[in-house]
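Below is one structure, written out as structure tokens, with a few remarks after it.
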Amino acid sequence: MSDTSTSRRQLRLGLFVQPLGHHVSGWRMTQQLGSPTDIEWLTWIARKAEEGTFDMFFVGDALATSVYRLPSTMARLEPLTLLSALAVQTRHIGLAATASTTFSDPFNLARIFSSLDHISHGRAAWNVVTSFSTDVARNFSRDDMPSHAERYATAHEFLEVTFKLWQGWQEGAVQPDKESGQYFVNEKIQPINHQGKHFQVQGPLNITRSPQGRPVIIEAGSSADGQKLAAATAEVVFTAAATLEEAQTFYRSQKQLVVDAGRNPDHVLILPGVMPIVGRNREEAWATWRELNQLVDIDNGIKQLSTRFGMDLSQFPLDGPVPEAPNIEGGQSRVKLLTDLAERENLTLRELAAIAAGSRGHRVLVGTAEEIADDFQHWLEQGGADGFNIMPAIMPEQLSLFVELVIPELRRRGLFREEYQYSTLRENLGLPLS
């Protein structure tokens, strides 16, 4: 697949940002250790991604301190504050942040994301999550989480309210008329008067219609409830898939659900997460991967895996089989991905803990720029993805290698843009303005 033939479709690429690198050992290998709370460091990352014409700079979030004390999850800037700062330091790249529907209010989040869309001139995106950790609940005056079904029911109504609020300001609502003294066209600004099970919101929103109409909506999660919510409301879906066959199955399922929901499947982009380990040659790439894995703290990996499985895995033999996971309320799709991987590859508990800790449950792709481009092209052409959410293992080295080696190879094949064409994230993703 290394010829210069072009593809009609082009990849969409997000940068999933971990300022210390996505691999659990990445920060131990870098020659330029940054800080997750240093705005200059995060600005450099955003500008490097913009140099590579990435579609978006995505910041994940959690509302509790990591129980396994990972540096990248112990300390982080609040995402929307961070993206507001980066909005004035960048010009083209989309700015995406996670925010929870379980521990937020529709009016506040609608206003905040609309503000970010104004500040960035139309580059805001919201990764909608429901949260699942009891540690988060305890930070918000609750003893436990609502059930999985209840969280998703709340999320459906939450999005219904925010969409109404964003639509409450119509095009042309701002028409300053010095002669009449009227700044607004009142008929184009409407309250929503929402009365639902979870929310009662009068409106209208106290900020004008934003450049995109509303931010791009991102969702993640492969559970049945997660897929249904995405089919009805999402425009980008983040997912995890270990093999092309898994990815194709999810891709077909999600796109069909979008059609069933009465929406255009081309307006919902599916981006699996992938951790590329890039080398200038195969030997360099594999040497990097081996060194990363040698530095994994297995005790820490078992703690992470225990958190995902909802059970204490330290009681099982490390070199024995992976125990069956119990039914849990949160993170169902990621647990299934890990257990399926362990069964398919006949992994021991030790081996699965190392992989899960190192890759955060996503696919790892080790190789040269040409090999990585071959893989991306194959997944795109075989219906496994519309693009990828890139997770550099070591920061800044692996991000720099991706921008300097992989991006030019993708461009040479006609699989990725040479430059940004439009001013808004929606347009650059090929999505209609809202």
Within the 6.0 Å centroid threshold, strictly below: H22 and F16: yes
Should we count [atom1] of [X] as having more than 12 external heavy atoms under 6.0 Å?
| X | atom1 | answer |
| --- | --- | --- |
| R111 | CZ | no |
| E419 | CD | no |
| R91 | CZ | no |
| E150 | CD | yes |

Where the side chain of [X] meets the backbone of [Y], is there a donor-acceptor pair that is under 3.5 Å apart?
| X | Y | result |
| --- | --- | --- |
| D61 | P79 | no |
| T101 | V129 | yes |
| E157 | F199 | yes |
| Q212 | T424 | no |
| R123 | S120 | yes |
| R47 | T90 | no |
| T348 | P321 | no |
| T30 | M395 | yes |
| E78 | L80 | yes |
| E50 | I93 | yes |

In terms of relative ring orientation, are [X] and [Y] parallel, tilted or perpendicular, with 30° and 60° separating the classes?
| X | Y | value |
| --- | --- | --- |
| Y420 | H92 | parallel |
| F402 | F54 | tilted |
| Y152 | H148 | tilted |
| W126 | F113 | parallel |

Carefully, step by step, assess D117 and S210 under the rule side chain to side chain donor-acceptor pair (under 3.5 Å). CA-CA 6 Å; D117 208 44; S210 70; 2.8 Å; yes
Under the side chain to side chain donor-acceptor pair (under 3.5 Å) rule, what do R214 and T162 come out as? Steps first, then yes or no, please. CA-CA 9 Å; R214 72 182 190 212; T162 52; over 6 Å; no
Looking only at heavy atoms, what is the nearest atom pair of [X] and [Y], with distance?
| X | Y | answer |
| --- | --- | --- |
| A87 | L116 | CB-CD1, 4.5 Å |
| V237 | A234 | CG2-CB, 4.2 Å |
| I207 | S115 | CD1-OG, 3.3 Å |
| R417 | R411 | O-NE, 2.8 Å |

With side chains defined as the heavy atoms from C-beta onward, is the minimum distance between [X] and [Y] less than 4.5 Å?
| X | Y | result |
| --- | --- | --- |
| P19 | V17 | yes |
| E235 | L269 | no |
| L15 | I45 | yes |

Steps toward salt bridge (charged side-chain N to carboxylate O under 4.0 Å, His left out) verdict (D319, R350): CA-CA 6 Å; D319 295 309; R350 183 194 303 274; 2.9 Å; yes
Could you go through R413 and Q377, starting from their C-alpha distance and side-chain angles, then the distance that decides it, and tell me whether this counts as side chain to side chain donor-acceptor pair (under 3.5 Å)? CA-CA 9 Å; R413 302 175 186 216; Q377 183 171 354; 3.0 Å; yes
T233 and side-chain hydrogen bond (donor to acceptor under 3.5 Å, both in side chains): which single residue from R263, E219, E160, K228 fits? E219
Qualifying ring-ring contact (aromatic ring centres under 6.0 Å, His included) pairs with a residue from residues 211-248, counting only residues at least two apart or across chains: F58-F238
Apply salt bridge (charged side-chain N to carboxylate O under 4.0 Å, His left out) to residues D297 and R28 and explain how you reach the verdict. CA-CA 12 Å; D297 178 348; R28 299 174 66 184; over 6 Å; no
What verdict does the side-chain contact (heavy atoms from CB on, under 4.5 Å) test give for M311 and S306, after you've listed the backbone C-alpha separation in whole Å, the side-chain angles of each residue and the deciding distance to 0.1 Å? CA-CA 5 Å; M311 61 188 292; S306 296; over 6 Å; no
Indicate yes or no: does E404 engage K48 in a salt bridge with an N to O separation below 4.0 Å. yes
Evaluate K255 against D266 for salt bridge (charged side-chain N to carboxylate O under 4.0 Å, His left out), listing each step before the verdict. CA-CA 8 Å; K255 294 281 187 171; D266 293 336; 5.1 Å; no
Take I277 and I372 through the test side-chain contact (heavy atoms from CB on, under 4.5 Å) and record every step on the way to the result. CA-CA 9 Å; I277 309 296; I372 290 168; over 6 Å; no
Run the side-chain contact (heavy atoms from CB on, under 4.5 Å) test on Y251 and Q382 for me, step by step, so that the C-alpha distance in whole Å, both residues' side-chain angles and the decisive distance to 0.1 Å come before the verdict. CA-CA 10 Å; Y251 189 95; Q382 296 302 312; over 6 Å; no
Yes or no on side-chain contact (heavy atoms from CB on, under 4.5 Å) for V59 and T98, after CA distance, side-chain angles and deciding distance? CA-CA 7 Å; V59 184; T98 293; over 6 Å; no
Carefully, step by step, assess R9 and D386 under the rule salt bridge (charged side-chain N to carboxylate O under 4.0 Å, His left out). CA-CA 9 Å; R9 295 176 62 210; D386 294 309; 2.5 Å; yes
Do any side-chain atoms of residues 282-290 form donor-acceptor pairs under 3.5 angstrom with protein atoms, and if so which ones, sequence neighbours left out?
unit_1 : atom_1 : unit_2 : atom_2 : d
R282   : NE     : E371   : OE2    : 2.6
E284   : OE2    : R280   : N      : 2.7
T288   : OG1    : E284   : O      : 3.0

Pair S314-D312, side chain to side chain donor-acceptor pair (under 3.5 Å): steps then yes or no: CA-CA 6 Å; S314 65; D312 181 10; 2.6 Å; yes
